[in-house]
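Working notes, beginning with the structure itself.
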Amino acid sequence: MGDGSASGNRSSSNKPEWLQQYDLIGKIGEGTYGLVFLARIKSQTNRGKSIAIKKFKQSKDGDGVSPTAIREIMLLREITHENVVKLVNVHINHTDMSLYLAFDYAEHDLYEIIRHHRDKVNHSINQYTVKSLLWQLLNGLNYLHSNWIIHRDLKPSNILVMGDGEEHGVVKIADFGLARIYQAPLKPLSENGVVVTIWYRAPELLLGAKHYTSAVDMWAVGCIFAELLTLKPLFQGAEVKATPNPFQLDQLDKIFKVLGHPTLDKWPSLANLPHWQQDVQHIQGHKYDNTSLSNVVHLSPKSPAFDLLSKMLEYDPRKRITAAQALEHEYFKMEPQPGRNALVPCQPGETFVNYPTRPVDTTTDFEGTTNLQPPQPVSSGAVSGNMPGGHMSSRSNPRPMNVVGMQRMPHQAMQAYNLASQAGMGPGMNPGGIPMQRGVPQAHQQQQLRRKDQMGMPGYPPQQKSRRL
Amino acid sequence: MGSSGNSISLSSLLCEEGEGSFLEDDENTSIDSLYNNNPSFVLDDEEEEEYIEYLLKQETGFGSQRTHHVLSSDHDHHHDCSNRFWLKSARLDAIHWIFNTQAKFGFKVHTAYLSVTYFDQFLSKRSIDESKPWAIQLLSVACLSLAAKMEEQNVPPLSEYPIEERRFESKVIKNMELLILATLEWKMGSPTPFHYLHYFMSKLCPGSRPETIITKATEHIVAMVKDINLMDQRPSIIASAAVLAAFDATLTRNAMDHMISAISSWGNIESGHVFSCYNLIQEKKRNKVKTPSSNLMSNHSGSTCVVENSFDTSSGTKRKLAFDDNEHCPRQKLHQP
């Protein structure tokens, strides 16, 4: 690959030492906390290995190191689990004292997988894949909860899935920017301009609970489970935009419509929740009695899948199923059994879907500024015309985050990347020798998948004991 | 959620506290600042037991894990002595500043305590010498601002930290924060005695008024900060000794052993450490009028005087801080392995 990074055209002496161990490929995400880049390791040992590098937005000097960065790094350094994203390195750039986190790169995420099925494939995700994704998500979550870590921001775009390679189809929980150890204080989720989607938020939080538990993550898993089944967000409430921490009546209403109205019978501590007390007229006024969850998710009320889902969506957080209990649920013991490669079913004859790879903006360098090089008029012109690096996050985009907390690039932008990579395919059009993700012939990928298919993944799922540090 | 059954929020108990002062010269700190009214997690008894087990496991790096060095080697013995003396008083100044600033900002006492933990941990890995008194001040500011970011809901900008003699540019404080984070390998969530107070109170002195015990125990813990290097004693030991001292000032070793044996999750803790810590608290109460930096701990095994340990340069693991007055940031490699 040589010195094939996008910034490799610049004199490498300007590059800080830590950066010289990577070939920068391009930007893959942008969000509240900063930028995410795709890079490859240069060193002999892991040559070519893909790494996602998250650059924290430079905090004002006046604030020092950002609390989010401190918490995320602190947590990530302590945890090691197959189903949790792996922090490979922390780099400090000495010139501007900015922080970079290097993660193992994951090609897919549930947001993209669901969208691909909904918009492109036009059929639901097969049962094996849904079950394997869910099982691995619960397995990672059980590990976090056993270590007293609550994620607090689970949603499809934060659930990564590994692409082609040894870990193909393995789920990785990502984005710990809002996660915390139990003892730490909680900030309102909307503080500091952090955008957190409300669709996966547990009812106790929506009702203003002062105390909460790991059950909030299980609610989110229930919502994600339903979304995997139907390809649509389960409770798609309209968010009230106000600070601080406004009351989200519409979101609650969407929940009540599907699950029925919560009652003090079923959820005794409901009476103590601030918004329940304060908003008698609206929340306690409506009555939805006919629960329709089974219709919404197209599951028989007697099926184990439905049983598990309804236990995750239990109103009372004390009664809600835990990750450890969920892993033992009958649903996972029935055929098809969950496997390690969630994307490729072990059963012969099952179809599998080739998910698109993540779009990469090769025009942006590590500083987050649009790279003026390479100077080829055709490719760079085409790209910057459609896709000026700085404009991405300003689009109104209702779905908040993706990979490690980054705003997903708008769909329109992806076409620009296609264009860019195609333009770069011809000799001489790609002076940096940038590997083209989207240009990889699909046949090659399929071959590899079949090979793995034959090998099978014996003995999975592994022991379901909760691991502790 | 919090009201039903036997669930206890670690903080809800502590919110309705009255006033109590933690430092002799500081009248304004209320128990409210210990836990504020932060939303918190609810643990039932079984969960609390598990949580305590988890915390105990996290305590590695404290106390018995550390090797206690004898005095340093001969060749720069003289220098060490003077530097140790200097550091000892610099540490006291730092603690004084940290707790005053904590009160000024209305931070929890826990936050101040945590920043002293960072301070001691940092100096167990890197050394600062007499010629750089400002470095201690910079370290104090950065430790407190880091602890505030971990524990507080509202964190003031760096420029608002009141530093008397020398103003540090925010950029300089930020660099120091990064140096601390890298030196401590980002392990900023170490347990403190405050995490154990509720648990030990319910185990060791059931039936007592929790408010009284917590207030007194908190005073004891804060008073001990000056005398022991926080790296030298496990937080659970400090917490249990403080709770026991708050409960009964006249315990014998046997009585204490008996009480401690009731705590199952603790395993085979050396109760000797608890007892010597307990004795230190009693001594301090008796000597309250005297200088707080008195060398009480040197008589007790298990806990060692701050200065002797923390600034022993004979351990080869410490690196000199390459502080240079002309430079804003120490040129240390901060890369993680």
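Sequence lines set the chain letters: A, B, ... in the order given, protein chains first and strands last, and positions in each chain run from 1. Atom set for the values below is all heavy atoms of this structure, side chains included, hydrogens, waters and symmetry mates excluded.
- Within the 4.5 angstrom heavy-atom criterion, no atom of B/Leu184 approaches chain A.
- Using a 4.5 Å heavy-atom threshold, the side chains of A/Arg71 and B/Lys149 count as separate.
- How far CE of A/Met97 is from NZ of B/Lys171: 8.5 Å, rounded to the nearest 0.5 Å.
- The number of heavy-atom neighbours closer than 6.0 Å to NZ of A/Lys266, taken from other residues, nucleotides and ligands shown, is 12 or below.
- To the nearest 0.5 Å, atom CG of residue A/Leu75 and atom CE of residue B/Met188 are 12.5 Å apart.
- Among residues two or more places apart in sequence or in another chain, the salt bridge (charged side-chain N to carboxylate O under 4.0 Å, His left out) test is passed with B/Lys187 by B/Glu185.
- The shortest distance between side-chain heavy atoms of A/Asp63 and B/Leu158 does not fall below 4.5 Å.
- Take B/Gln137 and apply the side chain to side chain donor-acceptor pair (under 3.5 Å) test, not counting sequence neighbours, and it matches no residue.
- By the 4.5 Å heavy-atom criterion applied to side chains, A/Trp148 and B/Glu50 are counted as neighbours.
- Closest of all the heavy-atom pairs between B/Lys174 and A/Val65 is CG-N, 3.9 Å.
- In this structure, the portion of A/Leu99 lying under 4.5 Å from any heavy atom of chain B is its side chain and not its backbone.
- How far CH2 of B/Trp186 is from CZ of A/Arg77: 8.5 Å, rounded to the nearest 0.5 Å.
- For the pair B/Glu177 (side chain) and A/Gly64 (backbone), a donor-acceptor distance under 3.5 Å is absent.
- Distance check, rounded to the nearest 0.5 Å: CD1 of A/Ile70 to CG of B/Leu146 gives 5.0 Å.
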